[in-house]
Amino acid sequence: MGKSASKQFAEEVLQCHNEYRKKHQASPLKLSSKLSREAARYAESLASTRILKHSVESSGGRCGENLAWASYDQSGHFTAMVWKSTKELGVGKATASDGSSFVVARYFPAGNITNQGHFENNVLPAKSTS
């Protein structure tokens, strides 16, 4: 994926995240070039092995992470998208030799914390549209 295509993809993912975040009373995310570079490197690694597994950075709690593999484009895990205390997003996408896509979304600070109270304080109900 070329630089302009990857930037456009990241902007589209950011816009999608922020639309859902607004509905769930969370402030908009900012696109982080550092997180995006890291996510792109990890997406390339996943595409080369074609094994979908979370990164060491994610497993260690340094960042939140959504991973997707598909032979078609698809969106990521919802609660990470609307996690209120998350402020930055990084997006990377790579294509495997078989043509399938690997997408990595990284979040900072990390969300989806299962300790008591974290979920209730960070995944807020959608606002009524009526």
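Annotation: side-chain contact (heavy atoms from CB on, under 4.5 Å) contacts of Thr86 (sequence neighbours excluded): Arg21, Leu29, Trp83, Tyr107. Shown here are the side-chain hydrogen bond (donor to acceptor under 3.5 Å, both in side chains) partners of Ser55, two or more places apart in sequence or in another chain: Glu57, Glu65, Arg106. Every side-chain contact (heavy atoms from CB on, under 4.5 Å) that Gln15 has, sequence neighbours left out, goes to Glu19. In this structure Glu38 satisfies the side-chain hydrogen bond (donor to acceptor under 3.5 Å, both in side chains) test together with Lys34, sequence neighbours excluded. Scanning for side-chain hydrogen bond (donor to acceptor under 3.5 Å, both in side chains) contacts around Arg50 gives Asp98, with sequence neighbours left out. Taking the side-chain contact (heavy atoms from CB on, under 4.5 Å) definition, one finds that Ala47 meets it with Ala94, Ala96, Phe102, sequence neighbours left out.
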Could you give me the CA-CA distance, side-chain angles and deciding distance for Phe9 and Val103, then say whether side chain to side chain contact (heavy atoms under 4.5 Å, CB included) is met?
CA-CA 10 Å; Phe9 178 72; Val103 176; 4.1 Å; yes
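Between Gly61 and Ala110, the closest heavy-atom pair is O-CB, 4.1 Å. Summarising the geometry of Ser58 relative to His54, their closest heavy-atom pair is OG-ND1, 3.8 Å, with the distance given to 0.1 Å. Looking at every heavy atom in both residues, Gly92 comes nearest to Ala39 through N-CB, 3.5 Å.
For the residue pair Ser100/Trp69, the side-chain donor-acceptor check at 3.5 Å is satisfied.
Looking at Gln25 and Pro125, their side chains come closer than 4.5 Å, going by heavy atoms from C-beta outward. Proximity of Leu46 to Leu67: side-chain heavy atoms (C-beta onward) are separated by under 4.5 Å at one or more points. Here the side chains of Arg37 and Ser33 are in contact, with some heavy-atom distance below 4.5 Å. Taking the side chain as every heavy atom from C-beta outward, Ser27 and Lys87 approach each other to under 4.5 Å. Counting only heavy atoms from C-beta outward, the side chains of Val13 and Leu89 approach each other to under 4.5 Å.
Ring centroid separation for the pair Phe78 and His17 does not come in under the 6.0 Å cut-off.
A donor-acceptor pair is defined here as one N or O able to donate and one able to accept, closer than 3.5 Å; such a pair exists between the side chain of Ser36 and the backbone of Ser32. The backbone N or O of Leu124 lies less than 3.5 Å from a partner atom in the side chain of His24, making a donor-acceptor pair.
For Gln116, the CD atom sits in a loose shell: 12 or fewer heavy atoms of surrounding residues, nucleotides or ligands are nearer than 6.0 Å.
The line from NZ of Lys23 to CG of Asn18 is 12.5 Å long, rounded to the nearest 0.5 Å. Within the model, atoms OG of Ser59 and NZ of Lys53 stand 9.0 Å from one another, a figure rounded to the nearest 0.5 Å.
When the side chains of ILVMFWY residues are joined at heavy-atom separations under 4.5 Å, either directly or via intervening members, Leu52 and Val104 end up in a single hydrophobic cluster. One hydrophobic cluster holds both Leu31 and Tyr20 under the rule that ILVMFWY side chains link at heavy-atom gaps under 4.5 Å.
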